Amino acid sequence: MSDDDVPVSALLGAAYEAVVHGQGLAAREAVELVKDLGFERNGTAKPFRFAYQHTEATEDGPQVRTVHATVPLLSLINPPSISIDSAKISMSLHLISQDIETGPAEAPTASGETPTAAKMPKLKGRIVHQLDKNAVMTIESTLKQRDLLASSRLSQLLDAAVSDRDSVWYLVLERAEPFRKAATELIDTVAQDGSKGKGVGVREWLQQLWELKEAVTDAVSAFRDGLPEKISPLHQRWNTRCQKLTWIDRHTEPEEMAALRRAFIAAAGNVWQALLPGAQVAEFGPPTVEQLRDRFNAAVTALIAAPTHLARLPEWLHHLEGTVALGCTAHAYKQSKTAAEALARYNETAAEIRKMWRPFAQNAASRAAQDGLAAAAELMWDALTPGESAVDFHVTNRFNAEELKAECSRTVAILTAQADRVPSRSVSAPAPLREVAYVCREVAPKALEAFQRSEQDGLAEYVIEKLKEFNDLIDRVNARDAPAEMKQRPEWWRSVAQPWNEAARQFWGNLIDITSHPVADLACPEVT
């Protein structure tokens, strides 16, 4: 057989294979075009920016404004995607030979019969040559542009993104202009103002304000340019700068500048909320009265939650909240006299609280809460009644170990002396008050030891437990011994009970709040 003799199946298959290969090349070209034309190297869609004139109907008549828009480039084009709808292949063949090929025998069937071997015809031929000695084969195909499902879905997503982005962009534009005006007014006013506040010069203020203004302006530009990844760092820069920004204090900042500062912060917050809905926007400048009141109330709540074991403390603290509320209302209506009266009421209550503190209430958590409330109260009343001071109801160094030890020793000595005056009713029975006095002698050194430690947690529970033991013993003495002694020797028993009760209240009063935790009195006959 000649070298030109080719199986007919190969001739036909090659033609169809060429058609399929051509369609594959078209698909790969479409993919490459989408990657190169539609996306940046980082995978984000390439933007297409343009501007157009938009006419709006307003109360003053038609107004023309320029609208800037940015859309993904792929939303404007259709990538090439072709399919071969039909193909017609024509050729002239000259058959050379025909063979019958027999395939391998198949396995027996279930009935045991062996099927007849399949006979496949095999044709060989050659394409007919024309006079110019060239073989002739003609392929006619019809190509059609197809809308791929994935491309259609991508267009839908991009169109939706463009629609959402445009609505946000209009909102950003609407809020950016008021911010620009507020920033200009504040910066111009600061530049013209000569006050120094707390030592911070005008130049520093201008630099700080300019950086804040640029953070917002750059964020708007980033959104316009389709660079949302830059907005969050700019927002963080705003918050960080606000926390570090120094400003005129409350009493030296002119009211006009305070109003401009608040307008500047509010306008910036509106822009940030449009760009990053729900984001926290930091502020700067002296805190408002409302913010100071919130801080004061939070400090009150923290002190109530602290382990002070003072039963009446929440009641007194809520009374402080009421006087602060009255002062805030008076300040809002510029009633300075009423604000001063509220401060006087506050100081009266604070003085009562001041009497309640005892060593066992001065644990670490209690001290921290007291310090927090004292600082909040100072700022609060400085805003409401400038120049006036509030009573500091907590005294950090009210007690020292040596004074407390001396006072406990003095009162324990009185209790012991009075206990020794009361003999036992029988030889086997102990003296009735000696056991009670022993409780105080036992409490004093342990309480003093705990008081001298920096960490005093657990002291309160110990003192309260011992006071309960003391009270139970006094109740037993009152039920068993006091009635007989008061009946037989009332004047003598009174001389024992009165000094005892006074010394007992002084002893326990140095350790705990005896208003919240009463001390049981030894029964004493009334003076007739």
Side-chain angles (χ1 to χ4, degrees), residues 309-312 355-362 398-453 456 458-528:
H309 299 278
L310 301 176
R312 297 195 63 193
K355 300 175 183 177
M356 298 172 61
W357 299 115
R358 294 296 183 272
F360 87 93
Q362 301 297 315
R398 178 174 179 179
F399 297 93
N400 63 63
E402 291 303 321
E403 291 179 357
L404 189 60
K405 181 179 180 180
E407 183 63 17
C408 287
S409 298
R410 183 186 70 83
T411 51
V412 167
I414 295 174
L415 293 172
T416 303
Q418 295 304 103
D420 289 342
R421 293 179 61 190
V422 181
S424 61
R425 300 184 64 182
S426 65
V427 177
S428 60
L433 288 180
R434 286 181 181 176
E435 186 178 2
V436 188
Y438 176 78
V439 173
C440 297
R441 290 198 300 271
E442 182 183 17
V443 169
K446 292 185 178 180
L448 288 170
E449 179 186 356
F451 177 68
Q452 290 177 296
R453 295 198 303 265
Q456 300 167 6
L459 175 58
E461 289 76 8
Y462 171 74
V463 172
I464 292 172
E465 179 184 354
K466 286 299 180 180
L467 174 59
K468 183 179 184 303
E469 182 180 348
F470 177 92
N471 288 343
D472 291 342
L473 291 173
I474 289 293
D475 290 342
R476 188 171 68 182
V477 171
N478 288 337
R480 185 181 62 185
D481 300 298
E485 297 293 347
M486 286 190 295
K487 183 177 180 180
Q488 297 173 9
R489 298 184 293 175
E491 292 298 329
W492 175 83
W493 183 257
R494 184 182 298 111
S495 69
V496 173
Q498 286 181 339
W500 171 278
N501 291 337
E502 182 178 354
R505 284 193 292 270
Q506 290 174 350
F507 173 82
W508 292 106
N510 284 322
L511 300 178
I512 61 174
D513 175 30
I514 59 176
T515 303
S516 303
H517 307 279
V519 179
D521 283 339
L522 189 61
C524 183
E526 296 181 359
V527 179
T528 58

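Here the structure is a predicted model, which means the values were calculated and not measured.
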With a cut-off of 3.5 Å and sequence neighbours excluded, list every side-chain donor-acceptor pair involving residues 438-451.
{"from": "Arg441", "atom 1": "NH1", "to": "Thr416", "atom 2": "OG1", "distance (Å)": "3.2"}
{"from": "Glu442", "atom 1": "OE1", "to": "Lys466", "atom 2": "NZ", "distance (Å)": "3.1"}

- Query: How many angstroms lie between atom CG of Asn510 and atom OG1 of Thr411, to the nearest 0.5 angstrom?
  - Reply: 6.5 Å

- Item | Side-chain donor/acceptor of Asp521 to backbone N/O of Asn501, under 3.5 Å | no

- Please report the closest heavy-atom contact between Gln418 and Leu433, naming both atoms and the distance. O-CD1, 4.4 Å

- Message: Would you call the rings of Trp500 and Phe470 parallel, tilted or perpendicular, taking 30° and 60° as the class edges?
- Response: parallel

- Would you check if Trp492 and Val422 make a side-chain contact, meaning some heavy-atom pair closer than 4.5 Å? yes

- Task: Search all heavy atoms of Pro499 against all heavy atoms of Ile414 and return the closest pair with its distance.
- Result: O-CG2, 4.1 Å

- Applying side chain to side chain donor-acceptor pair (under 3.5 Å), name anything that partners Glu407, two or more places apart in sequence or on another chain. Arg410

- Item | Of Asp481, Asn478, Leu522, Leu473, the residue whose pairing with Pro432 passes side-chain contact (heavy atoms from CB on, under 4.5 Å) | Asp481

- Salt bridge check: are Lys468 and Asp472 linked by an N-O gap of less than 4.0 Å? yes

- Note on the structure: Rounding to 0.5 Å, atoms CD1 (Ile464) and CD (Glu469) come to a distance of 14.5 Å

- In this structure, SG of Cys524 is separated from CE of Met486 (nearest 0.5 Å) by 8.0 Å

- Task: Step by step, work out the salt bridge (charged side-chain N to carboxylate O under 4.0 Å, His left out) result for Arg494 and Glu491.
- Result: CA-CA 5 Å; Arg494 184 182 298 111; Glu491 292 298 329; 2.7 Å; yes

- Atom pair CD1/CZ of Ile512 and Phe507 - distance to nearest 0.5 Å: 9.5 Å

- Message: Keeping Trp493 on the side-chain end and Ala523 on the backbone end, is there a donor-acceptor pair under 3.5 Å?
- Response: yes

- What are the two closest non-hydrogen atoms of Arg505 and Ile514, and how far apart are they? O-CD1, 4.0 Å

